[in-house]
Amino acid sequence: MSDWNTRTKLIHEGIRRSQYGEMAEAIFLTQGFVYDSAEQAQARFVKVGDDEFIYARYGNPTTRMFEDRMAAIEGTEDAFATASGMAAVNGALFSILKAGDHVVAARALFGSCLYVLELLGRFGVEVTLVDGLSLDQWRAVVRPGTRAVFFESVSNPTLEVIDIRAVAEIAHAAGALVIVDNVFATPVFSRAVDQGADVVVYSTTKHIDGGGRALGGVVCGTREYIRGPLETYMKHTGGAMSPFHAWIMLNGMQTLDLRVRAQTANAEALARALDGHPKVARVIYPGLDSHPQHALAIAQMGAGGTMVSAEITGGQEAAFRFLNALQIVKISNNLGDAKSIVTHPATTTHQRLPQDQKDLLGITPGLVRISLGIEDGRDLVADVLAALDAV
Ligand SMILES: *Cc1c(COP(=O)(O)O)cnc(C)c1O
């Protein structure tokens with residue numbers, strides 16, 4: 001692996017060129033591979049070499065380019081590409097857990113991640129949820145026999161920042177594997193492994209594609225874990241990424257650093273414009289001094305990120321009026337897209353949660369989540385301020 005900086009790696013790392021010497025990443029849209037002889041087929045099923053493939057559910061040259069590039073920017077030995085972010089979360093956990101194991105997870109999680117944890121419970125894995133911000137709670141429940149801890153480094157939608165280093169220290173003392181969902185932090189701002197994570201998962205559907213085109217996910221970790229339990233689990237349960245989607249991700253990644261920095265500049269500008277606005281009860285942005293984990297966010301990520309959440313005064317009715325008045329910012333539920341997107345979590349992404357859970361997580365009727373795109377920040381701020389006038 002090279003010692004290039006991220007922006008260079010995003011362009012050049014992982015490329016495998018065919019005999020034609022094509023400049024752009026080629027798409028190998030093939031499920032299977034032809035062997036020169038029966039003996040070669042037999043040998044490959046005994047041991048797959050570094051540049052050899054058997055079946056696209058196990059691996060494919062285009063998918064491997066994407067995996068190598070992800071491992072390079074994440075600073076891990078290896079990576080495995082999955083059909084979606086949820087396939088990555090599912091695989092990261094299910095591949096190593098068995099009945100009787102114990103898992104500790106932060107409570108503020110993406111809804112589908114909570115479902116996966118519920119599912120583990122059905123198979124005899126004991127799951128304990130904690131307030132991820134409280135190191136005392138982590139300390140109180142992590143014990144010998146805790147096989148893994150799992151959390152989002154920046155939570156959705158309330159943008160709480162969890163101290164990866166501190167939680168990893170507690171987990172490692174008990175011998176637990178630290179699995180971090182790093183979607184909101186992005187690989188541009190956070191190298192979670194440098195802070196103690198053992199396994200990092202991304203939904204590549206978000207910033208890595210960056211155009212809202214293709215579902216995808218990736219699990220990054222040691223070679224022993226990725227080509228051991230994780231690959232075995234993924235290849236037999238069918239969660240591999242399609243080579244076509246890997247090709248889309250490879251293209252998207254070339255501009256990842258540029259986009260995420262432009263998105264973050266827009267997020268900072270918007271957070272400042274909303275701070276103290278009479279129709280906004282609270283702005284949540286890790287890059288603002290007022291954020292409860294501002295110092296940690298800067299230490300861990302170096303920036304506030306691409307997402308801004310805000311509590312609109314006047315509850316759901318006011319929030320809906322705000323959403324409906326936006327012109328540039330689109331109502332949707334993806335994030336990390338080049339296009340700016342607004343979400344009302346209480347009635348969409350987190351609708352399923354019972355009220356007491358919503359209260360606990362701070363998902364109030366007036367809360368809106370904005371994923372900043374790469375449009376001109378002045379237009380975005382003007383769009384949001386005009387929509388607030390309509391509230
Ligand atoms: C979107 C998301 C997921 C799930 O990813 P998909 O690609 O939609 O399956 C998991 N975790 C977080 C934090 C996400 O934002």
Side-chain angles (χ1 to χ4, degrees), residues 66 70 81-90 108-116 152-159 181-189 201-218 241-242 244-264 266-267 270 284-285 304-310 319-320 322-324 326-353 363 367-375 377 379-380 383-384 387:
F66 169 65
M70 271 310 309
T82 58
S84 67
M86 284 322 303
V89 170
N90 181 349
L109 285 181
F110 190 70
S112 302
C113 295
L114 281 172
Y115 175 80
V116 170
E152 289 172 23
S153 51
V154 180
S155 75
N156 172 35
T158 48
L159 311 181
D181 181 335
N182 213 30
V183 167
F184 278 55
T186 83
V188 170
F189 291 134
V201 298
Y202 287 101
S203 162
T204 67
T205 315
K206 313 292 168 53
H207 302 85
I208 291 171
D209 173 336
R213 298 164 293 194
L215 275 175
V218 69
M241 179 181 276
S242 118
F244 182 58
H245 283 198
W247 178 79
I248 291 172
M249 298 304 165
L250 283 163
N251 281 278
M253 278 177 98
Q254 301 197 75
T255 56
L256 177 67
D257 189 280
L258 301 175
R259 279 185 284 107
V260 165
R261 289 183 196 282
Q263 288 170 291
T264 299
N266 285 345
L270 181 65
I284 310 172
Y285 183 63
T306 67
M307 309 289 294
V308 176
S309 290
F320 273 26
F322 168 70
L323 260 65
N324 293 336
L326 288 162
Q327 300 288 314
I328 301 171
V329 182
K330 299 292 177 259
I331 304 169
S332 188
N333 42 267
N334 191 22
L335 62 97
D337 196 314
K339 299 180 178 74
S340 292
I341 287 171
V342 66
T343 309
H344 185 251
T347 54
T348 59
T349 52
H350 293 70
Q351 185 181 149
R352 220 172 58 93
L353 283 186
I363 301 168
L367 187 76
V368 300
R369 185 193 81 183
I370 302 175
S371 168
L372 278 298
I374 59 171
E375 302 94 335
D379 295 333
L380 293 176
D383 192 34
V384 168

Heavy-atom side-chain contact between [X] and [Y] under 4.5 Å:
X      : Y      : result
Phe110 : Val183 : no
Leu256 : Pro187 : yes
Phe322 : Val384 : yes
Thr158 : Ser309 : no
Thr82  : Met241 : no
Ile331 : Asn324 : yes
Glu375 : Lys339 : yes
Val218 : Phe66  : yes

Short question: side chain of [X], backbone of [Y] - any donor-acceptor pair under 3.5 Å?
X      : Y      : answer
Gln263 : Ile374 : no
Thr306 : Val260 : no
Thr255 : Leu258 : no
Thr205 : Gly216 : yes

[atom2] on [Y] to [atom1] on [X], rounded to 0.5 Å:
X      : Y      : atom1 : atom2 : result
Thr204 : Ile248 : OG1   : CD1   : 10.0 Å
Leu326 : Ser340 : CG    : OG    : 9.5 Å
Ile328 : Asp379 : CD1   : CG    : 5.0 Å
Leu215 : Ser203 : CG    : OG    : 7.5 Å
Leu270 : Met307 : CG    : CE    : 11.5 Å
Asn156 : Arg369 : CG    : CZ    : 4.5 Å

Can Thr343 and Asn333 be counted as having a side-chain donor-acceptor contact under 3.5 angstrom? no

Which atom names give the shortest non-hydrogen contact between [X] and [Y], and what distance separates them?
X      : Y      : answer
Lys206 : Asn334 : CD-OD1, 3.3 Å
Ser371 : Asp337 : OG-N, 4.2 Å
Arg261 : Val188 : NH2-CG1, 3.6 Å
Asp181 : Cys113 : OD2-SG, 4.0 Å
Leu335 : His207 : CD1-CE1, 3.8 Å
Ile341 : Val329 : C-CG1, 3.7 Å

Begin from the C-alpha positions of Tyr115 and Met86 and carry the test side chain to side chain contact (heavy atoms under 4.5 Å, CB included) through to its verdict. CA-CA 10 Å; Tyr115 175 80; Met86 284 322 303; over 6 Å; no

For His344, which residues count as a ring pair (Phe, Tyr, Trp, His ring centres under 6.0 Å) partner, sequence neighbours excluded? Phe320

